Protein chains: 2
Amino acid sequence: MNPDLRRERAAATFNPELITHILDGSPENTRRRREIENLIMNDPDFQHEDYNFLTRSQRYEVAVKKSANMVKKMREFGIADPDEIMWFKKLQLVNFVEPVGLNYSMFIPTLLNQGTTAQQEKWLHSSKGLQIIGTYAQTEMGHGTHLRGLETTATYDPKTQEFILNSPTVTSIKWWPGGLGKTSNHAIVLAQLFTQGKCYGLHAFIVPIREIGTHKPLPGITVGDIGPKFGYEEMDNGYLKMDNYRIPRENMLMKYAQVKPDGTYVKPLSDKLTYGTMVFVRSFLVGEAARSLSKACTIAIRYSAVRHQSEIKPGEPEPQILDFQTQQYKLFPLLATAYAFQFVGAYMKETYHRINEGIGQGDLSELPELHALTAGLKAFTTWTANAAIEECRMACGGHGYSHSSGIPNIYVTFTPACTFEGENTVMMLQTARFLMKSYDHVHSGELVCGMVSYLNDLPSQRIQPQQVAVWPTVVDINSPDSLTEAYKLRAARLVDIAAKNLQNEMSHRKSKEIAWNLTSVDLVRASEAHCHYVVVKLFSEKLHKIQDKSIQAVLRNLCLLYCLYGISQKAGDFLQGNIMTGTQITQVNQRIMELLTIIRPNAVALVDAFDFKDMTLGSVLGRYDGNVYENLFEWAKKSPLNQTEVHESYHKHLKPLQSKL
Amino acid sequence: MNPDLRRERAAATFNPELITHILDGSPENTRRRREIENLIMNDPDFQHEDYNFLTRSQRYEVAVKKSANMVKKMREFGIADPDEIMWFKKLQLVNFVEPVGLNYSMFIPTLLNQGTTAQQEKWLHSSKGLQIIGTYAQTEMGHGTHLRGLETTATYDPKTQEFILNSPTVTSIKWWPGGLGKTSNHAIVLAQLFTQGKCYGLHAFIVPIREIGTHKPLPGITVGDIGPKFGYEEMDNGYLKMDNYRIPRENMLMKYAQVKPDGTYVKPLSDKLTYGTMVFVRSFLVGEAARSLSKACTIAIRYSAVRHQSEIKPGEPEPQILDFQTQQYKLFPLLATAYAFQFVGAYMKETYHRINEGIGQGDLSELPELHALTAGLKAFTTWTANAAIEECRMACGGHGYSHSSGIPNIYVTFTPACTFEGENTVMMLQTARFLMKSYDHVHSGELVCGMVSYLNDLPSQRIQPQQVAVWPTVVDINSPDSLTEAYKLRAARLVDIAAKNLQNEMSHRKSKEIAWNLTSVDLVRASEAHCHYVVVKLFSEKLHKIQDKSIQAVLRNLCLLYCLYGISQKAGDFLQGNIMTGTQITQVNQRIMELLTIIRPNAVALVDAFDFKDMTLGSVLGRYDGNVYENLFEWAKKSPLNQTEVHESYHKHLKPLQSKL
């Protein structure tokens with residue numbers, strides 16, 4: 001092991017294993033996760049070429065092979081629990097993606113949620129057995145987040161009892177679905193349903209797109225890959241164009257809405273239930289933000305402990321770059337953020353399962369707040385993690401730019417989370433809608449509960465926005481609970497300002513919608529402040545649940561750093577709201593510098609606690625043993641440019657030029 | 001042309017051509033630039049495959065071919081002026097890089113700057129004629145920004161009158177030089193010079209690495225490609241390891257320092273002159289930041305005018321996404337930043353040439369400030385542009401993630417600017433060193449001049465840091481000049497705080513260096529505020545030089561937006577320094593929203609004025625004619641996954657699995 005890393009680990013004030021147990025949920029979970037990881041690491045079938053050295057077509061092929069292998073092995077190993085599947089896949093995939101993934105994550109769940117029992121009987125077995133390889137085709141070239149704008153049509157023909165599917169325009173071509181380009185033979189297609197001359201809006205249809213056995217596109221179907229992207233090179237994100245393509249009536253998923261054989265449309269009883277999947281995926285993305293940022297922090301912090309550069313004192317050996325205050329200031333707030341998001345991710349998962357059980361028993365009461373919270377937190381955590389991953393990369397200097405660092409792959413695989421499953425600004429505005437509704441409730445004398453209950457205390461009818469936060473409060477910058485109060489005041493103030501500006505715009509304009517648009521920057525700001533408060537609150541509350549004193553002390557410092565760094569970054573809000581004074585902000589900045597020094601000796605152990613295997617990180621710079629430089633040289637030798645005869649392009653292009661000049 | 005874009009262009013309040021002339025420097029420059037661009041666009045030799053669909057090896061080959069072609073054509077067309085070469089290359093390269101580029105940008109200039117007349121006679125002709133293809137090998141695997149840490153040695157052997165070059169450790173292997181991996185046959189190598197048993201520090205040596213004619217690596221040389229990176233796929237960034245590799249004494253560049261045949265070392269008269277190239281490259285990068293961000297803005301704003309999505313009023317057609325306040329708030333401050341950096345880039349270029357002439361006449365007086373300014377502005381503009389390019393990409397929603405948007409390529413080609421040619425944090429600290437020196441001058445009663453002259457007014461000996469900025473000032477938020485004053489006060493305050501904190505640390509600790517490290521976050525903050533002030537100042541001053549009223553009005557609004565947006569983002573600094581009140585910050589935020597509405601009708605014309613050819617943007621989304629969706633479909637069909645037989649991987653990996661389950 002690299003002597004620097006050995007020294008770092010020996011100097012830690014706590015046992016990282018204990019934090020690992022907290023992050024996994026229990027020591028038993030840690031044990032089982034490692035058991036599964038060892039299965040993979042010891043299985044020769046899972047050894048494969050480093051994607052970085054392959055062409056896109058080769059990457060796709062390796063990914064299909066891995067996908068197939070994974071399905072086989074999970075059955076072999078008896079891995080069926082969703083958490084265990086995730087552990088299995090995460091290690092296996094190393095920041096990459098699997099072409100048949102959507103069959104399991106979207107096709108089958110949609111069939112289960114929206115298909116009748118008969119439909120499930122017909123398709124479920126084949127899709128589990130991969131006779132049917134399904135994907136989910138919703139997004140179109142011209143239409144994304146705004147679902148009502150989708151143009152694909154499904155027109156019912158009672159004569160043949162078929163739906164006729166059409167992509168009437170270029171913009172209506174289905175675009176982006178994973179696995180659609182080459183891998184899938186079926187898709188669940190979202191289309192505007194027309195029957196008896198009337199449009200009934202979006203419905204889901206099971207559409208065969210390739211012939212089983214030959215895998216050739218069926219007549220009337222135009223399908224292919226949408227071309228190279230920033231990342232997701234292994235994934236065949238695809239397009240789908242349908243020309244008068246007929247499917248049987250039974251292929252419409254009819255658990256809720258129905259079309260009778262004669263074309264009569266039967267409305268669903270409730271349409272709130274489709275909420276569920278969205279909420280699940282978004283709350284999952286919060287966890288993804290935590291995991292991706294944790295990986296990037298692991299790499300950047302380990303490398304910063306191994307890398308020696310420049311000088312603090314002239315004549316002395318070059319110090320570890322982790323000893324530079326500027327490097328600590330770059331990385332430790334991100335590490336604190338990674339921990340904050342880990343706890344928020346765990347909370348979201350828990351809450352989702354709790355509320356989902358309630359839904360199973362017919363209790364939908366908490367769904368609106370959960371929906372609003374997941375939307376905002378998805379946006380808040382993915383935006384933050386997105387920028388933070390790049391900061392980690394650049395904190396590795398030039399080497400961060402090489403794929404050997406692993407961080408470019410973490411980034412390009414994570415960054416779509418900011419725009420998919422609901423574009424982040426739109427998500428923030430959904431949260432804002434809930435905040436405005438809650439504000440109106442309070443305004444009309446009703447109390448609100450849950451995370452927005454602070455709105456009950458708003459004395460907003462009496463005073464001006466700027467003075468909202470003059471509630472008597474003395475912020476103790478060494479108390480996470482007190483800092484949570486400060487964030488609460490900030491959120492309350494920004495919600496109040498947005499609500500007042502919205503009212504003001506409404507009184508000046510005719511339309512509520514135009515007023516909403518003209519207030520939307522304020523509304524996003526309010527949502528961000530609300531989400532920031534929720535994160536701070538959950539982190540602070542987590543501290544109270546930790547028994548071990550040494551662990552509590554370490555996490556408390558991270559929590560303080562997270563809170564104070566946010567205040568320093570958004571000092572204007574805290575000053576303008578009279579939540580803190582200029583002198584306190586100066587103290588905050590000083591305290592941050594002290595915390596950097598306090599956290600420094602534990603930094604490596606804090607990333608070790610995330611317990612990522614080298615295989616999962618896919619990074620030469622971030623290796624557990626810190627054996628960086630020798631491995632970098634070995635890695636480089638595998639470059640495709642080093643595999644081909646060196647003179648070819650020289651002889652072909654440069655040599656002729658030499659003789660001419 | 002797309003009807004939305006036609007309407008946008010018709011609605012503009014000014015003629016974009018006039019701004020293009022300002023950006024080019026003169027109408028004549030615009031004319032000549034377009035002439036050169038037309039040469040390229042009409043030349044069939046310059047048509048080539050879209051890089052996005054090629055493998056790395058293919059990309060490298062195409063790039064070498066283009067490089068060779070470019071050399072040939074520039075001679076043919078008589079293009080020799082550096083600006084014209086840049087126009088030529090920029091259009092040709094479309095955000096990509098050329099393997100033989102370093103021969104012209106580093107090898108030849110270093111030979112000219114540091115070689116004797118005899119050395120220039122020996123190597124210049126061959127390197128211009130490409131018999132010698134040179135690169136510049138400075139960075140090592142373990143050593144970057146801190147040059148003194150380089151480990152490569154050149155030991156003089158008087159017996160044979162040769163230097164013996166060695167890479168004594170893994171970390172000493174030269175790493176990163178462009179064109180080193182496969183293309184070059186010579187390198188200028190930076191190595192620690194040893195002669196007569198003593199080390200004399202870094203010197204430059206001309207080192208043959210491959211045999212001319214066969215292009216095979218010479219004995220004692222290990223050379224190759226360092227492997228795949230985030231971007232720069234066409235570039236063979238390489239490694240170089242030397243084992244007792246001998247070169248003649250004459251291969252040391254000896255214009256300044258010399259080693260006599262007997263091994264006697266002769267010191268250079270001054271070592272300030274090597275400054276020159278660094279300053280030049282960094283000031284060039286400021287312009288690059290402007291150009292890259294301008295490109296990203298062009299794509300995102302054109303696409304936002306073409307893209308219709310969601311709804312502002314229910315029932316009405318989907319609006320252009322550029323009509324959403326949140327979209328304007330994302331893009332217009334970035335557009336304003338692009339313009340700000342364009343003017344800063346032009347100023348840097350001008351200043352560089354002016355000061356360089358002075359240097360030619362022996363006047364080095366302005367060099368220290370120029371050096372400090374380029375370091376800080378390089379960091380400030382590249383960091384800002386880097387984040388801004390990604391914001392532009394995400395403002396294009398899902399499509400931004402596709403290489404068809406062109407923005408991922410702009411990003412990965414630009415982002416190394418944050419870490420190369422001096423890592424940005426180190427750059428900020430160099431500027432801080434100059435600020436602290438200037439502060440000390442003032443402190444000891446001397447006046448300072450240039451951009452730091454505001455330090456002369458600091459009443460810092462009398463009052464506390466928090467109160468520095470209580471100078472009587474009323475900020476007029478509608479006056480760029482008044483806002484410049486506000487930025488000046490902020491810079492003065494943060495420089496003052498950093499200086500006081502530095503003094504304070506020094507009084508508590510033994511070493512100046514440790515105090516410096518413990519103040520470095522404050523020092524970076526001070527440098528950033530200084531650079532921000534310089535940018536605001538240059539933008540504001542530029543307005544006074546513009547004659548045409550319609551143009552002045554448009555640019556004035558952009559300048560105001562740039563200034564106010566910065567204040568809104570850094571409100572804490574302006575409040576804490578008592579430069580502005582909370583009420584004024586509220587007014588700033590309101591004024592920003594008004595400016596968004598004012599700029600909206602001119603947005604497309606403002607990016608048209610950058611006058612990027614579609615070829616330069618390399619973007620389907622950002623096309624001048626707005627013909628986005630049809631082209632997206634055509635583009636996708638070229639995907640490598642669509643070129644290979646669709647069933648292969650299905651039959652190989654998935655079909656066997658189907659029968660088994």
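We name chains A, B, ... by the order of the sequence lines, and we start the count at 1 in each one. What you see is a predicted model, and the numbers here were worked out from it, not measured in a lab. Heavy-atom basis, side chains included; hydrogens, waters and symmetry copies ignored.
Between the side chain of D573(B) and the backbone N or O of G572(A) there is no donor-acceptor pair closer than 3.5 Å. With Y629(B) contributing its side chain and T169(A) its backbone, the two residues share no donor-acceptor pair below 3.5 Å. Counting only distance, with no hydrogens or angles, the side chain of K313(B) and the backbone of I514(A) share no donor-acceptor pair below 3.5 Å. At least one donor-acceptor pair under 3.5 Å links the side chain of Q325(B) to the backbone N or O of S520(A). Of the possible donor and acceptor atoms, none in the side chain of D225(B) sits under 3.5 Å from a partner among the backbone N and O of K638(A). Between the side chain of Q309(A) and the main chain of G144(B), a donor-acceptor pair closer than 3.5 Å is present. Y239(B) contributes no side-chain N or O that, together with a main-chain N or O of A636(A), makes up a donor-acceptor pair within less than 3.5 Å.
In this structure, Y401(A) OH and N237(B) CG are separated by 8.0 Å, a value rounded to the nearest 0.5 Å. Taking CG of L518(A) as the reference point, atom CG of L596(B) lies at 10.0 Å (rounded to 0.5 Å). Remark: R525(A) CZ to N589(B) CG distance equals 4.5 Å, nearest 0.5 Å. Between the NE2 atom of H653(A) and the NZ atom of K72(B) there is a distance of 11.0 Å, given to the nearest 0.5 Å. Annotation: the span from N501(B) atom CG to Q590(A) atom CD amounts to 7.0 Å, rounded to 0.5 Å. Distance CG/N52(B) to CZ/R56(A): 11.0 Å, rounded to 0.5 Å.
When the candidates Y411(B), F420(B), F574(B) are compared by the number of heavy-atom contacts under 4.5 Å with chain A, Y411(B) comes out ahead. With chain A as partner, the option from L54(B), T139(B), N386(B), T425(B) having the largest number of non-hydrogen pairs under 4.5 angstrom is T425(B). Between chain B and the residues V170(A), T326(A), V426(A), the most heavy-atom pairs under 4.5 angstrom are made by T326(A). Ranked by heavy-atom pairs shorter than 4.5 Å toward chain B, the options T55(A), T419(A), N185(A), V521(A) are led by V521(A). Highest contact tally toward chain A, considering only S511(B), G213(B), S67(B), G397(B), is held by G213(B) [criterion: heavy-atom pairs under 4.5 Å]. If you tally non-hydrogen atom pairs under 4.5 Å between each of E61(B), H651(B), Q327(B) and chain A, the highest count goes to E61(B). When each of A571(B), P640(B), P416(B) is checked for heavy-atom pairs under 4.5 Å with chain A, P416(B) comes out on top.
Counting heavy atoms from C-beta on, the side chains of K182(A) and T644(B) come closer than 4.5 Å.
Here the closest non-hydrogen pair linking G227(A) and S639(B) is CA-CB, 3.6 Å. Contact detail for L654(B) and A68(A): the closest heavy-atom pair is CD2-CB, 4.2 Å. The minimum heavy-atom distance linking L632(A) with W175(B) is given by the pair O-CH2, 3.7 Å. When all heavy atoms of R307(A) and M141(B) are compared, the pair lying nearest together is NH1-O, 2.9 Å. Among all heavy-atom pairs drawn from E318(A) and G149(B), the shortest one is OE2-CA, 4.0 Å. Nearest heavy-atom pair, I226(B) versus W635(A), reported as atom, atom and distance to 0.1 Å: O-CZ3, 3.4 Å.
Other residues, nucleotides and ligands place more than 12 heavy atoms under 6.0 Å from the NZ atom of K229(A). Residue K637(B) qualifies as enclosed at atom NZ: its count of foreign heavy atoms under 6.0 Å is above 12. Enclosure of atom NE2 in H125(B) is not indicated, since only 12 or fewer non-hydrogen atoms of other residues, nucleotides or ligands lie within 6.0 angstrom.
Note: F230(B) and F230(A) have parallel aromatic rings, judged against thresholds of 30 and 60 degrees for the angle between ring planes.
No side-chain N or O of R148(A) forms a donor-acceptor pair with one of S310(B) less than 3.5 Å apart. With 3.5 Å as the limit, one finds a donor-acceptor pair spanning the side chains of Q576(A) and T586(B). With 3.5 Å as the limit, one finds no donor-acceptor pair spanning the side chains of E648(B) and Y60(A).
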